[in-house]
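Here's the structure, in structure tokens; my notes come after.
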Amino acid sequence: MSEHTHEPVPYRTFILIWVALLILTGITIAVSRVHLGALNIWIALGVASIKSSLVIFVFMHLRQESKLFKIGLLVMLSILAIFIGFTFFDVLYR
Amino acid sequence: MSEKTTYTGFWQESPRTGILGWLLTTDHKRIGILYLGCIITMFIVAAILGLAIRLELIAPGRTIMDAQTYNATFTVHGIIMIFMFLIPSIPAAFGNLLLPIHIGARDVSFPKLNLLSWYCYIVGGVLAVTSIFSGGGAPDTGWTFYVPFSTQTNTNVSLAAFAAFMLGFSSILTGINFVTTVHRLRCKGMKWGRLPLFVWTLYATAWIQVLATPMIGITLVLIILERTFGAGLFDVARGGDPILYQHLFWIYSHPAVYIMILPGMGVISEIIPTFSRKPLFGYWAMALSSLAIAFAGSLVWAHHMYASGMSDLAILIFSFLTFIVAIPSAIKVFNWVSTLYKGSIELAPPMLFALAFIFNFAIGGLGGLALGAAASDIHLHDTTFVVGHFHYVMFGGGGFALFAAMHYWLPKFTGRMYNHKMAVIGWALLFVGFNVTYMAMQAVGIMGMPRRYYDYIPEFTTLNLVSTIGSWVMAVGLIIMFANLWHGLRKGRPVGKNPWGGATLEWDIPSPPPMENFGEEDPVVTKGPYEFKGVVADEY
Amino acid sequence: MNPLANPTAQAVDNVLIYIFGVSLLLLLGITVATIYLVVKYRRSKYPEPTSDTHGNLWLEAVWTLLPTLIVLTMFWYGWTNYLGLREVPAGAFQVEATGRMWSWQFKYENGRTSNKLYVPVGKPIKVIINSTDVLHSFFIPAFRIKRDAVPGIETYVWFQSPETGSYDIFCSEYCGLGHADMITSTEVLSAEDFERWYAESTLATPEVPRGRKLLEKHGCLGCHSFDGSSSIATTFDVLKGTKRKIMSDGVEKEVEVDAEYLRRSIRAPGADLVEGFPPIMPAYGDAINEADLDEIINFLLNGEQKTSLDGNKLIEENGCLGCHSTDGSSSIGPGLKGLGGRTSEVKREGHELKLKVDAEYLRRAIRDPNHEVVEGYPAIMPSNDHLSDEEIDAMVEELLKK
Amino acid sequence: MSIEHRDDTGARFGMWLFLYTEVILFSGLFILYAMALSKFPQQFAEASHKLNIYFGSINTIVLLTSSLTIALAVTAIQRGRIRQTLILCGVTVALALLFLVNKYFEWSEEIGHGIYPGSEHLAEMGPGVTNFFNLYYFTAGLHGLHVFIGATLISIVAVLTAKGKVTSDRYTLLENSALYWHLVDLVWIFLFPLYYLIL
Ligand code: HEA
Ligand code: HEA
Ligand code: CUA
Ligand SMILES: [Cu+2]
């Protein structure tokens with residue numbers, strides 16, 4: 001049965017991550033007030049990616065899961081990137 | 001032969017008896033049978049519509065129906081054939097029947113989810129049928145639901161789209177189930193290298209189902225929202241883009257064609273070794289090419305859009321990738337053929353269907369190459385050549401693979417054998433009729449006849465007539481085939497557990513298999529799926 | 001297929017022949033090999049297999065590489081030839097094609113419109129494609145060209161025909177009920193024929209109005225002109241509402257030109273003489289019958305200012321015939337033959353009504369077609385907001401005559 | 001029937017697979033968003049101004065916090081603290097409702113300004129802005145639906161926990177509901193900057 005369950009994550013860890021998430025939220029809002037042109041959107045997406053990694057790895061316990069879960073996630077994200085990226089081949093060059 | 005034996009095995013054992021024992025079952029084999037029944041029913045309905053299409057096209061002008069009916073007919077024909085017949089056919093019916101047995105498991109990972117997925121299928125099917133008879137009448141958009149037409153027509157598009165959404169959901173649940181099952185429930189000794197190829201193809205298919213199907217979900221939801229709120233998401237005047245709709249649609253629907261063909265390829269990869277009594281040539285190449293098709297197949301969707309007004313750069317890239325997907329298919333064809341070399345070949349009915357599959361699929365697939373090349377597709381796009389192409393791969397490929405599977409595994413799951421002579425007659429008529437029908441269709445497409453044409457100019461008459469005649473030969477063949485199978489499963493001679501001399505796990509257990517497949521003890525696998533040494537075929 | 005050798009067809013045909021050729025060889029090879037193996041290694045001859053090989057790395061490498069090479073050549077050939085379809089030669093003649101349910105309208109740079117595509121022979125033609133409603137696709141099989149008509153997005157094709165002739169144009173993107181009827185043709189004309197056609201104006205009637213014919217017949221134009229070019233007599237171009245100084249029975253008067261005045265001037269010109277002109281106009285008396293005289297007067301008063309609209313042409317060019325027939329048959333919409341005097345059963349806001357077909361009814365039917373929908377037909381006729389009242393009147397006039 | 005087969009990892013993996021499908025579902029709208037943003041950067045920025053950033057920020061905080069509480073609930077059940085689990089689930093559901101109420105006020109305000117799909121006011125503001133709001137409504141609407149489903153799911157699990165059907169060694173149901181809830185949060189993490197913060 002040991003394979004089926006993992007150690008409980010201490011409350012402290014979760015709370016720390018939560019604080020980090022709130023800080024990151026504050027950062028995006030703050031940065032978005034500064035005009036940086038196209039950079040704004042990349043920063044916003046970058047921070048969002050960091051936030052979501054925190055949620056995925058800690059809140060969602062991906063850290064403790066086997067490789068299979070991680071590979072699955074990677075496959076899904078690459079397919080996602082392809083779907084969005086390849087569509088640009090049409091839209092940007094029309 | 002005429003003694004009235006009732007089926008044993010999973011047909012009998014069930015915690016509940018009677019109809020509820022079926023409707024509330026969580027046994028993978030019973031669910032597989034439920035699927036199979038529905039799928040065959042759907043196929044017959046849609047095939048009759050196909051026959052009606054051909055009758056209308058027998059001569060120019062109106063013959064048996066008006067234009068609106070015609071448009072609804074091919075739309076419903078396409079929707080049923082794709083979403084309710086071919087996509088669930090092999091994965092949901094035979095996948096359910098066989099996947100757990102093939103990997104030595106007692107059931108799939110989520111049996112209840114499996115049943116839910118069947119109910120989603122039923123709800124989708126019922127809604128689709130309702131959409132024909134209610135509201136503004138049967139949808140008339142073509143199975144592709146292209147905007148802006150689909151947002152403007154008064155017919156019952158929203159309901160049909162919602163039906164397709166439910167069917168997609170069903171497909172997703174099956175996919176989730178199969179991926180998990182393959183990862184978690186392989187029995188002792190069932191290493192990846194010992195999986196039957198049917199399992200490999202189901203596994204690859206399941207990933208497509210999981211990762212591509214949601215896209216059609218959101219696309220159809222958008223169509224429905226567009227029709228209800230009229231927001232103009234695909235309307236240029238309101239900042240939308242009608243071509244983007246096509247991207248969203250094909251992002252799913254191209255990979256979907258591989259959902260339709262991959263499990264069929266798996267079936268063929270089971271049948272050919274068994275009837276050659278020889279290991280499949282190039283096991284790993286076959287396994288990996290399945291994954292390659294699934295992955296590369298997700299990158300080529302825009303080859304349906306060369307004439308849509310898409311950018312030329314996109315055409316360059318998507319045309320290139322399209323040709324890349326053809327390579328793993330070619331590897332498969334070559335490996336099947338070389339499996340025959342120095343074998344001991346028996347032309348039993350399943351083998352005949354498998355060989356016909358290779359031939360038809362080669363024609364369809366090679367025709368796909370002419371469509372994949374940018375210049376030639378400009379001429380062939382949206383002509384009946386495309387219609388010919390996809391009937392070759394979907395019916396000549398996917399459909400024939402399903403028929404092969406039915407002939408191959410019917411004895412296993414019913415414990416009875418059909419009449420071989422009738423099977424060969426049915427096969428021959430079907431094969432000839434099929435090729436006449438769709439070869440003529442391809443030819444008239446090369447001459448320039450657009451598809452979805454209710455009426456056509458006189459130059460196209462002869463070939464259309466030939467095609468219609470072919471469709472009737474095919475119909476006769478199909479009726480013989482179905483009648484023979486039906487008769488076989490009711491009154492056929494009883495057979496033992498291994499009539500063909502197959503080496504995969506299902507042939508080790510009784511026919512029909514018992515409720516939990518393997519009795520008290522879980523199987524332990526010590527050899528590959530195509531090691532025929534020591535396998536003895538039962539007399540039948 | 002068409003034997004015509006033209007640049008776009010050649011680009012496509014090269015690729016088609018190459019791919020089909022190679023495919024045929026491959027198919028033949030695979031089929032022959034399969035049949036040979038099946039026959040040779042049949043179970044009756046070989047009850048047991050004579051090999052139990054699991055594969056052969058070399059062979060597999062070969063048939064991974066071989067198809068790769070083959071498909072790469074196909075891809076490249078297909079792509080380079082495709083470029084030929086996109087690069088329009090300089091100096092191409094431009095036409096705009098607009099797809100709508102369910103007909104094409106072609107618009108030329110000089111404003112001329114038509115519903116067949118007329119083009120000169122031997123010249124590259126660039127067709128710019130648009131749509132007003134749903135997707136259509138502009139497809140000429142003879143030139144192997146095809147491009148979707150997308151509402152709000154402009155696309156194009158080009159072609160060049162070395163021979164005169166008529167070639168089918170199909171709509172190849174499904175667009176609803178009349179999709180299969182959205183057929184027209186491209187008429188490739190010789191340079192002279194095309195010039196002549198191109199110069200004709202579209203909307204003015206080619207026919208001369210009857211009033212003017214009467215003027216010619218009675219020799220009026222021997223002395224009068226319409227542009228003041230003749231000094232013998234008055235000019236006809238500004239008659240209506242103008243004032244005239246005349247000598248009537250020796251008394252100088254000022255009168256306004258109206259029908260009564262004109263009638264007198266023609267029947268008995270000597271009675272009122274316009275100042276500054278000699279009294280040479282013959283008296284026509286009864287030489288012109290009453291009806292003709294009315295026609296002439298009407299023409300003089302209203303004629304030349306107003307170019308008369310050709311209702312029939314408007315009907316043709318606005319795509320009405322994509323859905324309506326004129327031979328009495330019913331197609332997508334009701335047949336137009338015998339429309340005038342018919343009683344139409346329509347549904348208005350859910351109520352069934354029987355309405356007499358008159359000009360008022362027809363105007364409504366064209367302006368706001370879905371307000372009253374003819375029984376037994378779907379409410380799909382597009383409204384025609386782009387038409388002016390005059391244009392609609394002209395069409396209605398013709399419709400009543402059909 | 002033989003002993004029931006139990007595979008918690010399998011169940012979790014199945015849930016992850018389902019979450020992948022959810023991401024792809026939303027990605028359809030994100031594709032449309034990305035294409036439109038590349039076409040109408042100015043108009044998108046302008047339209048984004050019209051959204052109320054306070055509503056957006058508050059909702060972000062609400063969702064992040066709810067994600068925390070449900071994660072804590074999983075630890076609580078692992079440690080066998082049923083009461084804590086129930087409270088944490090309750091807080092999560094309450095936060096979910098808060099989110100929806102907030103959304104309701106936000107949308108009423110916007111609809112009050114005549115901004116909703118198909119409105120005439122929107123049409124006057126030009127194609128870019130119209131497209132932005134269409135996408136905004138559809139994406140946020142779909143997300144809202146997920147919030148609703150997630151809240152329902154967690155309520156059900158809470159009831160089952162109270163009944164003793166979910167316990168310290170049988171808590172996959174809670175774990176999977178929590179995973180679902182985190183997904184809802186994840187989508188919002190992207191939705192928020194993309195719609196409220198483009199400047
Ligand atoms: C089961 C379904 C299925 C399968 C497997 C395929 C397989 C392929 N399809 Fe097909 N296709 C459809 C179903 C399918 N298709 C449908 C339904 C449509 C129309 C949808 C609609 O518009 O309604 C369509 C339309 C379609 C188009 C768009 C046409 C158009 O509308 O203009 C294109 C263009 O590239 C295409 C290409 C291909 C290619 C390259 C393959 C390849 O995967 C084929 C690979 C196979 C082979 C190559 C043959 C076998 C190999 C050999 C014989 C060995 C020798 C080969 C080589 C050396 C290369 N298909
Ligand atoms: C799996 C997929 C599949 C299958 C098997 C078929 C099967 C057939 N299809 Fe279909 N077809 C599609 C998928 C399929 N089709 C799709 C996706 C489209 C595109 C729709 C669109 O454009 O949107 C299409 C479109 C399409 C067209 C083009 C319409 C147009 O563009 O105008 C035509 C025209 O001939 C056609 C004909 C047929 C015919 C004659 C059959 C025949 O093969 C049918 C043969 C079967 C029979 C004749 C029935 C025999 C059986 C019985 C009678 C039952 C008796 C039973 C017992 C006694 C038990 N189909
Ligand atoms: Cu216009 Cu088809
Ligand atoms: Cu495709």
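Reminder, nothing fancy here: chain letters follow the sequence lines and each chain counts from 1.
Of the two parts of B:Asp140, the backbone and the side chain both hold a non-hydrogen atom closer than 4.5 Å to a non-hydrogen atom of chain C. Proximity to chain B (any heavy atom under 4.5 Å) is restricted, for C:Thr31, to the side chain, taken from C-beta onward. Contacts of B:Leu380 with chain C are made by both backbone and side-chain atoms, with heavy-atom separations under 4.5 Å. Within the 4.5 angstrom heavy-atom criterion, atoms from both the backbone and the side chain of C:Pro151 approach chain B. Proximity to chain C (any heavy atom under 4.5 Å) is restricted, for B:Gln152, to the side chain, taken from C-beta onward. In this structure, the portions of C:Asn56 lying under 4.5 Å from any heavy atom of chain B include both its backbone and its side chain. Using a 4.5 Å cut-off between heavy atoms, C:Arg42 contacts chain B through both its backbone and its side chain. For a residue to count as touching a neighbouring chain, one of its non-hydrogen atoms must lie under 4.5 Å from one of that chain's; by this rule B:Ala237 does not touch chain C. The contact between C:Thr50 and chain B is made by backbone and side chain atoms together, counting heavy-atom distances below 4.5 Å. Contacts of C:Ile183 with chain B are made by side-chain atoms alone, with heavy-atom separations under 4.5 Å and no backbone atom involved. Using a 4.5 Å cut-off between heavy atoms, C:Leu66 does not touch chain B at all. With a 4.5 Å cut-off on non-hydrogen atoms, C:Glu48 touches chain B through its backbone and its side chain both. Neither the backbone nor the side chain of B:Met286 comes within contact range of chain C, judged by heavy atoms closer than 4.5 Å. Heavy-atom distances place the backbone of B:Tyr306, and not its side chain, under 4.5 Å from chain C. In this structure, chain B has a heavy atom under 4.5 Å from the side chain of C:Val150, while its backbone stays farther away. Using a 4.5 Å cut-off between heavy atoms, B:Val333 contacts chain C through its side chain alone, with no backbone atom that close. When heavy atoms are compared at a cutoff of 4.5 Å, C:Tyr77 does not approach chain B at all. Of the two parts of B:Thr141, only the backbone, made up of N, CA, C and O, holds a non-hydrogen atom closer than 4.5 Å to a non-hydrogen atom of chain C.
Panel note: side chain C:Lys146, backbone B:His381; a donor-acceptor pair is recorded below 3.5 Å. With hydrogens and angles disregarded, a donor-acceptor distance shorter than 3.5 Å links the side chain of C:His179 to the backbone of B:Arg451.
The line from CH2 of B:Trp336 to OG1 of C:Thr34 is 11.5 Å long, rounded to the nearest 0.5 Å. In this structure, C:Ile17 CD1 and B:Ser376 OG are separated by 11.0 Å, a value rounded to the nearest 0.5 Å. With rounding to the nearest 0.5 angstrom, the CD1 atom of B:Ile378 is 10.0 Å from the CD1 atom of C:Ile145.
Across every non-hydrogen atom of C:Leu177 and B:Asn71, the tightest pair is CA-ND2, 3.6 Å. Across all non-hydrogen atoms, the minimal contact from B:Tyr146 to C:Leu135 is CD2-CD1, 3.7 Å. Counting all heavy atoms, side chain and backbone alike, C:Phe75 lies closest to B:Leu316 at CE1-O, 3.5 Å. Taking every heavy atom of both residues into account, C:Ile19 and B:Leu369 meet most closely at CD1-O, 3.9 Å. Taking all atoms of both residues into account, the shortest heavy-atom contact from C:Leu85 to B:Ala375 is CD1-O, 4.3 Å. Nearest heavy-atom pair, B:Ala326 versus C:Val71, reported as atom, atom and distance to 0.1 Å: CB-CG1, 4.3 Å.
C:Phe20 and B:Phe385 have tilted rings, their planes meeting at an angle from 30° to 60° on a 0 to 90° scale. B:Phe334 and C:Trp63 have tilted rings, their planes meeting at an angle from 30° to 60° on a 0 to 90° scale.
Of the candidates B:Phe149, B:Phe145, B:Trp143, C:Tyr174 forms a ring pair (Phe, Tyr, Trp, His ring centres under 6.0 Å) with just one, namely B:Phe149. Shown are B:Ser276, B:Ser344, B:Pro279, B:Pro273; of these, the side-chain contact (heavy atoms from CB on, under 4.5 Å) with C:Pro49 is made only by B:Ser344.
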Test side-chain contact (heavy atoms from CB on, under 4.5 Å) on C:Leu72 and B:Phe323 and set out the steps. CA-CA 7 Å; C:Leu72 286 182; B:Phe323 280 101; 5.7 Å; no

Does the side-chain contact (heavy atoms from CB on, under 4.5 Å) test come out yes or no for B:Met305 and C:Asp148, once each step is laid out? CA-CA 9 Å; B:Met305 299 163 55; C:Asp148 283 5; over 6 Å; no

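Electrostatic pairing of B:Arg277 and C:Asp52 does not count as a salt bridge here, judged by no charged N lying under 4.0 Å from a carboxylate O.
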